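Read through the structure below, which is laid out as structure tokens, and then see the notes.
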Number of protein chains: 2
Amino acid sequence: MSLTIALLGMLELSPLSGYDLNKRIEASVIHFWSADQSQIYRTLSRLVADGLAEVTVIAQDGKPDRREHRITPAGHAALDAALRAPLEPETPHESFLMRIFFAGALGIDGVRELLRARREEASRLLARLTTIEARDPGRPETIGQALRRATLRNGIVHAEAELAWLDETESVLVTASR
Amino acid sequence: MSLTIALLGMLELSPLSGYDLNKRIEASVIHFWSADQSQIYRTLSRLVADGLAEVTVIAQDGKPDRREHRITPAGHAALDAALRAPLEPETPHESFLMRIFFAGALGIDGVRELLRARREEASRLLARLTTIEARDPGRPETIGQALRRATLRNGIVHAEAELAWLDETESVLVTASR
DNA sequence: TGCCTATATAAGACCACGCATATATGCCCG
DNA sequence: CGGGCATATATGCGTGGTCTTATATAGGCA
């Protein structure tokens with residue numbers, strides 16, 4: 001569903017090939033959605049099969065044909081419906097927390113190593129996101145720009161929350177080990 | 001992998017049936033891992049096939065046979081290895097942020113509705129987690145207890161971060177719409 | 001009486017996703 | 001000259017997950 005939104009949302013602005021879509025996803029929504037190339041092509045085929053997009057094949061010399069996808073009125077309607085649909089219930093899958101939950105068996109040093117690795121990951125993520133944030137201009141913003149920036153901000157506040165949790169957890173661990 | 005850890009981690013404490021495991025997961029790790037009953041049984045079968053657990057069938061009158069699973073030495077080793085393995089790279093899939101990213105097309109009211117729904121969800125989650133947190137005793141704690149509590153705290157700090165982000169985003173939206 | 005809940009396991013259908021691989025060409029860099 | 005990268009699409013295989021349905025019995029509640 002979300003990848004469908006991504007594809008339709010991008011096709012709304014201009015006709016694109018699967019290749020283009022892959023690049024755009026990597027350039028813009030990668031911080032909250034990771035998409036595999038083959039998955040993009042598969043989903044795109046489904047859009048066409050469902051009549052949500054249409055293909056124009058453009059021959060190119062030296063390069064493979066370019067299959068340009070353009071959104072249909074049905075696709076436009078589907079995007080609008082998907083954006084307005086009730087929020088799907090969350091089914092969390094936090095593999096890191098699963099480890100923490102059972103990490104007691106590792107002893108204090110094993111746990112510390114887990115937390116250290118997690119901190120490194122969270123710091124790296126935060127650095128990456130703040131770099132992107134800094135690169136982009138501030139005011140004046142359209143609603144669209146504000147929202148795209150907001151997804152970035154979401155990643156930042158959660159990365160910061162994770163680091164704060166790590167501080168807290170590490171200090172609790174010191175107490176628990178005494 | 002994570003469900004494997006959950007099952008082995010719980011079997012480490014005592015032998016359990018699939019039914020027991022399902023109930024325990026619902027009672028203890030549900031705030032960061034949602035597991036389907038059929039998935040639990042399948043994963044459990046795989047543990048047995050891989051020699052990580054052994055089954056004892058216990059006949060009961062009135063109720064179906066109880067297939068009690070007990071962890072093997074290989075299972076113990078596998079759990080330890082899984083807990084110590086390097087953190088798997090994150091592949092984020094935040095469907096809510098996907099909507100926000102493309103929600104500009106909905107206009108300001110549509111976006112506000114999305115944020116409102118999200119806030120309700122986050123508030124409900126926070127309330128649920130803080131209730132559980134309050135119910136459980138404070139000091140003195142073993143490392144295991146501290147870690148289990150830490151997974152709960154993780155959920156709490158992220159729920160709070162989400163609410164803070166919602167405040168921020170709503171106020172940005174007011175500015176952007178002017 | 002009839003329905004719901006608890007106990008207990010399992011198979012089938014389906015889906016999204018990730019990883020690997022294939023194909024074909026042109027261009028740049030060392 | 002060779003290797004790697006950009007352009008461009010597509011299939012196959014496997015994994016993990018969700019939802020649905022089936023089966024069987026006992027006990028409690030209306």
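This one's a predicted model, so the numbers in the text were calculated from it and none came from an experiment.
The pair B/Asp20-B/Arg24 does not count as a salt bridge, with every side-chain nitrogen at least 4.0 angstrom from each carboxylate oxygen. In summary, B/Arg153 and B/Glu160 do not engage in a salt bridge, as defined by a charged side-chain N under 4.0 Å from a carboxylate O. A salt bridge links A/Arg116 with A/Glu113: at least one charged nitrogen is closer than 4.0 Å to a carboxylate oxygen.
The CG atom of B/Leu16 sits 11 Å away from the P atom of C/dA8 (whole-angstrom rounding). The distance from atom CG of B/Asp20 to atom C1' of C/dT7 is 10 Å, rounded to the nearest whole Å. One atom, CG of B/Leu7, and another, P of D/dG17, lie 10 Å apart when rounded to the nearest Å. Remark: P of C/dC17 and CD1 of A/Ile25 are 10 Å apart, rounded to the nearest angstrom. Per the geometry, CG belonging to B/Leu44 stands 15 Å off P belonging to D/dG16, to the nearest Å. Spacing between atom CG of B/Leu21 and atom P of C/dA10 amounts to 13 Å, rounded to whole angstrom units. B/Arg24 has its CZ atom 13 Å from the P atom of C/dT7, to the nearest Å. Across the protein-nucleic acid pair, B/Leu47 atom CG and D/dG16 atom P stand 11 Å apart, rounded to whole Å.
Close to D/dT18, at under 4.0 Å from its OP1 or OP2, lies a side-chain N or O of A/His93. OP1 or OP2 of D/dG17 sits under 4.0 Å from a side-chain N or O of B/Gln39. Regarding contacts with the backbone of D/dT18, a side-chain N or O of B/Ser34 is found under 4.0 angstrom from either OP1 or OP2. For the OP1/OP2 pair of C/dA8 and a distance below 4.0 Å, the side-chain nitrogens and oxygens of B/Arg66 include at least one atom meeting the criterion.
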Atom pairs, N/O to N/O, protein against nucleotides 11-15 of chain D, distance under 3.5 Å?
| from | atom 1 | to | atom 2 | distance (Å) |
| --- | --- | --- | --- | --- |
| D/dG12 | O6 | A/Arg42 | NH1 | 3.4 |

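Comparing C/dC17, D/dG16, D/dT9 by their closest approach to the side chain of A/Tyr19 singles out D/dT9. Here the side chain of A/Pro64 is nearest to one of D/dA8, C/dT9, C/dA8, namely D/dA8.
In the hydrophobic cluster analysis, where Ile, Leu, Val, Met, Phe, Trp and Tyr join through side-chain heavy atoms closer than 4.5 angstrom, A/Leu97 is grouped together with B/Ile40.
Between A/His93 and B/Trp33, the two ring planes are perpendicular [angle over 60°; tilted spans 30° to 60°].
Side chains of A/Asp136 and A/Gln145: a donor-acceptor N/O pair is absent below 3.5 angstrom, by distance only.
Taking the centre and axis of the six-membered ring of B/Phe96, the NZ or CZ atom of B/Arg118 falls inside the cone set by 45° and 6.0 Å.
Nearest-nucleotide assignment on DNA chain C puts the 5′-proximal partner with B/Lys23, out of B/Lys23 and A/Thr43.
Among the atoms of the strands shown, none is found under 4.0 Å from any heavy atom of A/Asn22.
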